[in-house]
Number of protein chains: 2
Amino acid sequence: MADRRPATVKDVAASAGVGIATVSRVFSGAGSVSAPTRERVLAAARALDYRPSALGRGLKLRRSGGIGLIVPDVTDPFCAELVAGVLACARTLGEHVIVDAAGGDPAREAEIVERLVEQRVDGIIALPAGDEADWRGAARVCSSVVFAGRTLPGMPDVPSVLADDAGGVRSLTEYLAGLGHRRIGFLGATPGGPSRVRERAFRGTLGRLGVPVEEDLVVAARPARDAAYAAAAGLLQRRADVTAVLAAGHILGEAAVLVARELDLRVPADVSIAMVDDVAWAELCDPPLTAVARPGHDVGYRACELLLREPARRGRGGPVLLPTELVVRGSCGPLRSQRR
Amino acid sequence: MADRRPATVKDVAASAGVGIATVSRVFSGAGSVSAPTRERVLAAARALDYRPSALGRGLKLRRSGGIGLIVPDVTDPFCAELVAGVLACARTLGEHVIVDAAGGDPAREAEIVERLVEQRVDGIIALPAGDEADWRGAARVCSSVVFAGRTLPGMPDVPSVLADDAGGVRSLTEYLAGLGHRRIGFLGATPGGPSRVRERAFRGTLGRLGVPVEEDLVVAARPARDAAYAAAAGLLQRRADVTAVLAAGHILGEAAVLVARELDLRVPADVSIAMVDDVAWAELCDPPLTAVARPGHDVGYRACELLLREPARRGRGGPVLLPTELVVRGSCGPLRSQRR
DNA sequence: GGGGGCTATGGAAACGTTTCCACCGAGGGG
DNA sequence: CCCCTCGGTGGAAACGTTTCCATAGCCCCC
């Protein structure tokens, strides 16, 4: 009774009294097999508990039937949504997904790409952390790469699916400006950061609205808890006349909320707060936080579709932009008077 | 210049003027190769951009060098932590991880297991949703399974790594009782649910403390947003004399907070709230929520270690229990007077 | 000085699949 | 009545590894 090793086509063929080619045809669906033969083969397979080995098939077909997915951190809500989207799409296409987290480290990203290539994945979806230099090698080495959630400006040849961050920041900025705010702090310009899409959108929108941009109000911060907190505290203490804060990400938003609470600033009476990323706590916060929701799930889903389903259309017409949505809650109020 | 197909051992061997066995030895590390030969091989490999195919190796070795990970939902914070833990451990052991989300559907779980077996994964880590019947088949079919985050009582043969939920609920209950609360509502007893560990811990602790358990205060709720909200609203409206609520999960906790706010109950003056799962928003909430932190990352990490590193010790001595931590914040206060 | 290890190497056989090719029989059109 | 086609089938060769076995040289010790 001890099925030492899993059954193979050969076992099934012998047991069903047919050739191995026939067994293969039954399971791969290709070629023609008569109904009675097919039944016999299926019965034998069931009896032997046979499951085709993806390894054997992959070797022959030269593809593993899986894709790779690289994100900075699976516990980040946006990344998690993105992962879920990729999984959902991959499931419908019958591919499995090898997920790994690079922790924002370009070297680890490169290492992961290397491993994925060894696995002969059919393609890679990445939310890249490094810059172009880090990914040129990877792109050359792998059949097909799609960027999701972030793109590398210098690599237009790699297709990408993005949330419309610029649009999101624009509506947030317009919303705050529409409430009368003029001295709006912006948290989150990554100084050496590659794209700075959000910062540019902020500056651009203010400019278009005729509101002067004070350099002092645009503060850089890596999206790490301590750095974010330091940046928020610095801004709010340095400039007591700031009436609104726009945080370019949920970590920054969290910092802004915490710092405001620490400084005994009432939200939104003393200072309005809004942020990019409509994470779970935005609604639970008191007051609930106005935020821009980025369609993480859809970004992942579309990226996977692009990778597997439309290799032809890939990379044409620049990045696919998915709309964000402004979710207005209670954390932003009309400009009343100066703080302090 | 067109590298039509990726280079193979054969190409490298020819280019380096050695046999394929030698190339294999260089890359797999086994056997002995003289230094000069090794150099020649490595140089040739670099020149040809050679990467060993995991498919070929897997076929020969009869293992893919990867593991499968099944969770209900990657966007759930606890699951995400668990995934991160598994990834971290797998990385150190050089294995890749195929992740999939079953959405709490036993049929989908079974389907995923099937696919993973076809991939010839070295093992499977699962946070199971179904009951024993659903997993007996899977366990039989797969070499090694480890449950993480939840176990199936009827399957002691499958090793598991769990957060000490009972301990967590106990400390939460003791904490609330210690503040003087006697009429404590419990949100989250899943009625048909298999294990009900948390509910039992709640009842048991109250019993030990000599506090009578009122059946009316123990309310069932699936961990879905709408059901949770309904349960919380039902409890707080039906029993205006409840002075504290213990939510058995973050979804339930969220519902409790929202309902309390809706009913204009001040926290903690009118009602104390505490929950299992120290998610991000617990700290951001106003007042910040007292919660029990479950070590999701460690659960994943240990499960992976158990699966890959200690196949011998597996399953001995029952589930591995990892301690939870009570994080006291501002949402629970001493019993003052009756509400209303 | 010869035998017995020991290191470095190559050939070849697996691993489990898909698929090309060949073959066989039956049926239909010339 | 023969040839051609076509559906159904089996054999065998790949796919890229690892590893067993054999071989060749070498040093060392008796």
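The structure presented is a predicted model; accordingly, all values stated were derived computationally and were not measured.
Which of D/dG16, C/dC15, C/dT18 sits closest to the side chain of B/S53 comes down to D/dG16.
A close approach under 4.0 Å does not occur between any side-chain nitrogen or oxygen of B/T37 and OP1 or OP2 of C/dA8. Taking side-chain N and O atoms only, A/R38 has no distance below 4.0 Å to OP1 or OP2 of D/dG8. Between B/S34 and the phosphate of C/dA8, there is no side-chain N or O to OP1/OP2 separation shorter than 4.0 Å. Between B/R62 and C/dG16, a side-chain N or O to OP1/OP2 separation shorter than 4.0 Å is present. The side chain of B/S32 contributes an N or O atom lying less than 4.0 Å from OP1 or OP2 of C/dA8.
For the pair B/L61 CG and D/dC15 P, the interatomic distance rounds to 20 Å; values are reported in whole Å. Computed from coordinates, the A/D11 CG to C/dC15 C1' distance equals 13 Å when rounded to whole Å. Going from atom CZ of B/R63 over to atom P of D/dG16 covers 21 Å, rounded to whole Å. In this structure, CG of B/L59 is placed 8 Å from C1' of D/dG16, rounded to the nearest angstrom. What separates CZ of B/R120 from C1' of C/dT17 is a distance of 11 Å, to the nearest Å. Computed from coordinates, the B/R51 CZ to D/dG16 P distance equals 15 Å when rounded to whole Å. Computed from coordinates, the B/K60 NZ to D/dT17 P distance equals 13 Å when rounded to whole Å. What separates OH of B/Y50 from P of D/dG16 is a distance of 10 Å, to the nearest Å.
Using a cutoff of 4.0 Å between basic side-chain nitrogens and carboxylate oxygens, A/R115 and B/E95 are not scored as salt-bridged. With respect to B/R302 and B/E310, a salt bridge is recorded, a charged nitrogen being found less than 4.0 Å from a carboxylate O.
Of the residues in residues 14-25 of chain A, A/G17, A/V18, A/G19, A/I20, A/A21, A/T22, A/R25 come within less than 4.0 Å of DNA chain D through at least one heavy atom, sorted by number.
Residue-level contact check: B/V33 touches the backbone only, with heavy atoms under 4.0 Å from sugar-phosphate atoms and none from bases.
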**OP:** Decide side chain to side chain contact (heavy atoms under 4.5 Å, CB included) for A/V141 and B/D49; before the verdict, give the C-alpha distance in whole Å, the side-chain angles of both, and the deciding distance to 0.1 Å.
**Re:** CA-CA 9 Å; A/V141 111; B/D49 227 32; 4.0 Å; yes
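Residue A/R136 places its CZ atom among more than 12 non-hydrogen atoms of other residues, nucleotides or ligands, all under 6.0 Å distant.
With A/L69 as the fixed residue, the side chain to side chain contact (heavy atoms under 4.5 Å, CB included) test singles out one of A/D100, A/I98, A/L82: A/L82.
A pairwise comparison of heavy atoms in A/G17 and A/R40 identifies O-NH2, 4.0 Å as the closest pair. Residue A/A102 comes nearest to A/E109 through the heavy atom pair CB-CG, 3.4 Å, listed as atom of the first residue, atom of the second, then distance.
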